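Have a look at the structure below before the remarks.
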Amino acid sequence: MGLSQTLLVYVLLCVHLGVSQHYLRLRPSPSDHLPVPDLKEDPDPEYDPREQDLAERTLRKKLGSNFDPNYMSISSPLLVNLSAPDNQVKLQGPMPNEIKKLDLTETPYGKRVKVGKKARRKFLQWLWTYTHCPVVYTWKDLGVRFWPRYIKEGNCFSERSCSFPEGMSCKPVKSINKIFLRWYCQGFLRQKYCTWIQVQYPIISECKCSC
C-alpha cells in the first residue's frame with residue numbers, strides 16, 4: 001500500500017472557552033507526510049488518565065495481540081538513535097537491478113572503455129552503499145495519553161543526498177500500522193466521559209532514493 005493511501009489518525013482537540021466545552025475528535029486523514037507530526041495536546045491534567053486507568057494487566061488485555069514489543073514499550077527505553085551510523089550500514093538482500101545492470105563501458109561520447117570485473121564490482125558496491133536509504137529508528141515518547149506511551153518510530157536517513165551527482169534524497173515508500181491505545185474523552189468538566197480506544201499509528205518501514 002502506498003503512502004498516499006495510508007490513513008493517519010489525527011486527534012483534534014477543540015476548546016470553546018465561552019462554555020468551557022472540551023471534546024476530542026478522531027479523524028482519519030490521508031497523508032503523504034511521515035513520520036506522524038507531534039500532536040498538540042490540551043495541557044489540562046484533567047484530561048490525563050488516572051493511576052487506576054493505567055493498570056498494565058487491563059491495558060494489555062484491551063490491546064491483545066496488537067502489542068508488539070519490537071515497536072512499542074511500556075517503560076522508558078533509551079530515547080536514542082537505534083540505527084548504525086551510515087558508514088556501518090549493512091546492506092541486505094540482493095543488489096538492485098538498476099545498479100547491477102549499469103553499463104560502465106559506454107561513455108556519453110559514444111566511445112567504449114574497458115572496465116575490469118574487480119573494478120566494476122567495487123564501483124557498483126560503492127554506488128549501492130551511497131544510494132542506499134536505511135530507515136533510522138528512534139524511540140519516541142507519545143505521552144501519558146497513549147499506551148504503550150513509547151514507540152519506535154522510523155525516519156528516512158537525511159544527512160546527505162543519496163544520489164550521484166547530488167540532488168535526490170531518501171523518502172518513505174512503505175509504512176506499517178501499529179495499534180495503540182488512546183485516552184479519549186468526551187464532554188466537559190465533571191460530566192466528561194473518558195476511556196481507552198484503539199487507534200492506528202503508521203510507522204515508516206522502507207525508504208528509497210527519489211526526487
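Keep in mind that this is a model prediction, so the values were computed, not measured.
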Considering non-hydrogen atoms only, spot the tightest contact between Pro35 and Ile204 and give its length. N-CD1, 3.8 Å
Sub-4.5 Å side-chain heavy-atom contact between Leu181 and Leu59: yes
Would you indicate whether the side-chain heavy atoms of Ile176 and Pro202 approach each other to under 4.5 Å? no
So do Cys209 and Cys133 have their SG atoms closer than 2.5 Å? no
Which heavy-atom pair separates Ile179 from Leu63 by the least distance, and what is that distance? O-CD1, 3.5 Å
What's the shortest heavy-atom distance between Cys211 and Met168, and which atoms? N-CE, 3.8 Å
Check whether Tyr47 forms a cation-pi arrangement with Lys192 (NZ or CZ under 6.0 Å from the six-membered ring centre, at most 45° off the ring normal). yes
Non-hydrogen atoms of Pro148 and Ser73 that approach each other most closely: CB-O, 3.3 Å
Does the side chain of Ile203 reach to within under 4.5 Å of the side chain of Val36, using non-hydrogen atoms? no
Hey, are the side chains of Ser169 and Lys171 touching, using non-hydrogen atoms and a 4.5 Å cut-off? yes
Using 0.5 Å steps for rounding, measure from the SG atom of Cys207 to the CZ atom of Phe157. 11.0 Å
Taking the side chain as every heavy atom from C-beta outward, state whether Cys194 and Tyr184 have any pair of such atoms under 4.5 Å apart. no
Any chance you could measure Leu34, atom CG, to Ser205, atom OG, to the nearest 0.5 Å? 9.5 Å
Centroid-centroid distance, Trp147 to Trp196, less than 6.0 Å: no
Hey, could you give me the CD1/CE distance between Ile151 and Met72, rounded to the nearest 0.5 Å? 7.0 Å
Salt bridge (charged side-chain N to carboxylate O under 4.0 Å, His left out) between Glu46 and Arg145: does it pass, once the steps are laid out? CA-CA 11 Å; Glu46 284 291 323; Arg145 295 174 189 174; over 6 Å; no
Identify the heavy atoms of Thr131 and Leu127 that sit nearest to each other, and give their distance. OG1-O, 2.8 Å
Do the non-hydrogen side-chain atoms of Arg149 and Ile74 ever get within less than 4.5 Å of each other? no
Looking at CG of Leu142 and CD of Glu41, how far apart are the two atoms once the value is rounded to the nearest 0.5 Å? 9.5 Å
Lys NZ or Arg CZ of Arg160 over Tyr130 ring: under 6.0 Å, within 45°: yes
Please confirm whether Lys178 makes a cation-pi placement over Tyr201, using NZ or CZ under 6.0 Å from the six-membered ring centre and within 45° of the ring normal. no
Determine, for Glu56 against Lys62, whether the closest basic-nitrogen to carboxylate-oxygen distance falls under 4.0 angstrom. no
How about Lys140 and Tyr150: do any of their side-chain heavy atoms sit closer than 4.5 Å? no
Flag the pair Asn66 / Phe180 as yes when at least one side-chain heavy-atom distance between them is below 4.5 Å, and no otherwise. no
Closest approach of Lys208 to Val173 (non-hydrogen atoms, all atoms of both residues): CB-CG1, 3.6 Å
Judged by modelled atom types alone, do Tyr71 and Glu153 share a side-chain donor-acceptor pair under 3.5 Å? no
